[in-house]
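Below is one structure, written out as structure tokens, with a few remarks after it.
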Amino acid sequence: MRRCYNCGKEVSRKDKSEIKEHIPAQNLFAGYSSEYKNNRIVVPSCKDCNNGTSDIDEEFRNFIGVMSNSEELDQISKNTTKSMITLKKEFERLTLDENGNIIGVKFNDRQIKDNHCKIFKGLYYHQYSQPLPQDYKVEATFDPTEYTQMCVHYLQGNFKWDHSGHPEVFKYIIQPFRENLNNPEKKNLQMSSEDSVIVGLLVYNVHHACIVLASNNI
């Protein structure tokens, strides 16, 4: 019996309680050719967790679409525009100057961060073949603090990038954090009972990056 990558609930293909969850969501691959969509990470999910993340998936797709300035992301940008026109409530997000010209778009920061945490949990399941233990608190941050910069140097200096689909769409590193680690061969670490912090560096379409921290030091 397998478990949902997010909540840990038992799921089964036989009773159809198991749903495939793409990490990251399929909407980030819109407009890309087939070579960019091969070998995408898929993890088991229960129906509730699968259905409960559609809002944050769309919010993040819109976020990436607004930042887009490349030909490959053109379809995502078109989908973003359609979404914001279809949903009247999205017009409340527009920031206008004194002449009524659009100068910015507001996004739900909490949903963006929840999307990163969801993807982090999916990557953890993919890498370690089990859900992240429930006693770990997961938080995403974009702030370039001294600590997050240390995490970036730790990950990039000791490990190799992995990806889902294609590294130009989504690449990542996720590993336990161990002080004074020297890993010249850049091999993935196995989880240990002494590991209390797990760090992830997630990069999307080369336009956006995020650090995700999971800790059971509560």
Side-chain angles (χ1 to χ4, degrees), residues 1-11 18 20-26 28-29 35-45 49 53 60 113-142 144-218:
M1 184 72 71
R2 302 209 295 175
R3 293 184 178 275
C4 172
Y5 80 99
N6 184 51
C7 69
K9 177 183 177 181
E10 289 188 350
V11 292
E18 178 183 324
K20 292 181 179 179
E21 179 76 41
H22 287 82
I23 304 294
Q26 297 191 74
L28 292 184
F29 290 84
E35 67 182 281
Y36 285 81
K37 302 176 182 179
N38 295 327
N39 301 314
R40 281 179 289 176
I41 292 174
V42 178
V43 295
S45 172
C49 288
T53 59
F60 189 69
K113 290 184 176 181
D114 285 347
N115 178 80
H116 293 307
C117 294
K118 163 199 166 182
I119 291 175
F120 179 90
K121 290 181 178 181
L123 297 174
Y124 182 92
Y125 186 100
H126 174 73
Q127 190 153 304
Y128 297 107
S129 301
Q130 62 182 1
L132 181 72
Q134 294 296 310
D135 62 341
Y136 276 81
K137 180 180 179 181
V138 185
E139 188 60 50
T141 179
F142 320 124
T145 65
E146 182 177 344
Y147 184 74
T148 57
Q149 291 176 358
M150 178 190 68
C151 291
V152 170
H153 291 314
Y154 168 81
L155 292 173
Q156 292 185 326
N158 287 296
F159 306 100
K160 298 177 181 178
W161 288 99
D162 286 316
H163 66 273
S164 177
H166 194 282
E168 291 183 14
V169 180
F170 177 70
K171 64 180 182 178
Y172 69 94
I173 308 173
I174 175 173
Q175 296 289 330
F177 181 81
R178 298 176 185 172
E179 291 189 43
N180 303 317
L181 177 71
N182 182 22
N183 187 22
E185 295 182 356
K186 297 194 173 184
K187 292 183 177 180
N188 288 338
L189 303 178
Q190 295 300 312
M191 285 295 296
S192 144
S193 59
E194 297 180 357
D195 290 319
S196 60
V197 178
I198 309 164
V199 188
L201 175 58
L202 317 181
V203 179
Y204 307 80
N205 306 108
V206 194
H207 293 273
H208 178 65
C210 180
I211 283 286
V212 183
L213 304 170
S215 172
N216 63 2
N217 286 333
I218 300 176

Shortest non-hydrogen contact from Val11 toward Cys4
CG2-N, 4.1 Å

Could you give the distance from CD1 (Ile211) to CD (Gln149), rounded to the nearest 0.5 Å?
10.0 Å

With Pro131 via side chain to side chain contact (heavy atoms under 4.5 Å, CB included) - residues at least two apart:
Arg3, Tyr125

The ring pair (Phe, Tyr, Trp, His ring centres under 6.0 Å) partners of Phe142 (sequence neighbours excluded) come to His116, His208

Heavy-atom count check: over 12 atoms from other residues, nucleotides or ligands less than 6.0 Å from Asn38 CG?
yes

Carefully, step by step, assess Arg178 and Ser192 under the rule side-chain contact (heavy atoms from CB on, under 4.5 Å).
CA-CA 11 Å; Arg178 298 176 185 172; Ser192 144; 4.0 Å; yes

Working for side-chain contact (heavy atoms from CB on, under 4.5 Å), residues Ile174 and Gln127:
CA-CA 8 Å; Ile174 175 173; Gln127 190 153 304; 3.4 Å; yes

Can you confirm whether more than 12 heavy atoms, excluding those of Lys9, are under 6.0 Å from its NZ atom?
no

Where do Arg40 and Gly165 come nearest, in terms of heavy atoms and distance?
CG-CA, 3.6 Å

Residue list, ring pair (Phe, Tyr, Trp, His ring centres under 6.0 Å) with Tyr172, at least two apart or on another chain:
Phe170

Which residues share a side chain to side chain contact (heavy atoms under 4.5 Å, CB included) with Lys160, sequence neighbours left out
Lys186

Non-hydrogen side-chain atoms of Cys151 and Leu213 separated by less than 4.5 Å
yes

Here the pair of heavy atoms bringing Lys118 nearest to Glu21 is NZ-OE2, 3.0 Å

At what distance, to the nearest 0.5 angstrom, does CE of Met191 lie from OH of Tyr128?
6.0 Å

List in chain and number order the residues that pass side chain to side chain contact (heavy atoms under 4.5 Å, CB included) with Lys187, two or more places apart in sequence or in another chain; answer none if no residue qualifies.
Asn183, Glu185

Testing the basics here: between Phe120 and Gly200, what is the closest heavy-atom pair and its distance to 0.1 Å?
CE1-N, 3.7 Å

ring-ring contact (aromatic ring centres under 6.0 Å, His included) assessment of Phe60 paired with Tyr204
CA-CA 11 Å; Phe60 189 69; Tyr204 307 80; 4.7 Å; yes

How far does OG of Ser164 sit from CG of Leu202, to the nearest 0.5 angstrom?
11.5 Å

Rounded to the nearest 0.5 Å, what separation is found between the CD atom of Glu18 and the CD atom of Glu10?
12.0 Å

Looking at Lys121 and Val138, what are the two nearest heavy atoms and their distance?
CE-CG2, 4.1 Å

Nearest 0.5 angstrom please: Leu132 CG to Cys7 SG, how far?
12.5 Å

Minimum heavy-atom separation for Val169 and Tyr36, please, with both atom names.
CG2-CD2, 3.8 Å

Any residue meeting ring pair (Phe, Tyr, Trp, His ring centres under 6.0 Å) with Tyr154, in chain and number order, not counting sequence neighbours
Phe159, Phe177

How long is the gap from CG on Leu181 to CD on Gln175, to the nearest 0.5 Å?
9.0 Å

Is any side-chain heavy atom of Ile41 closer than 4.5 Å to one of Asp162?
no

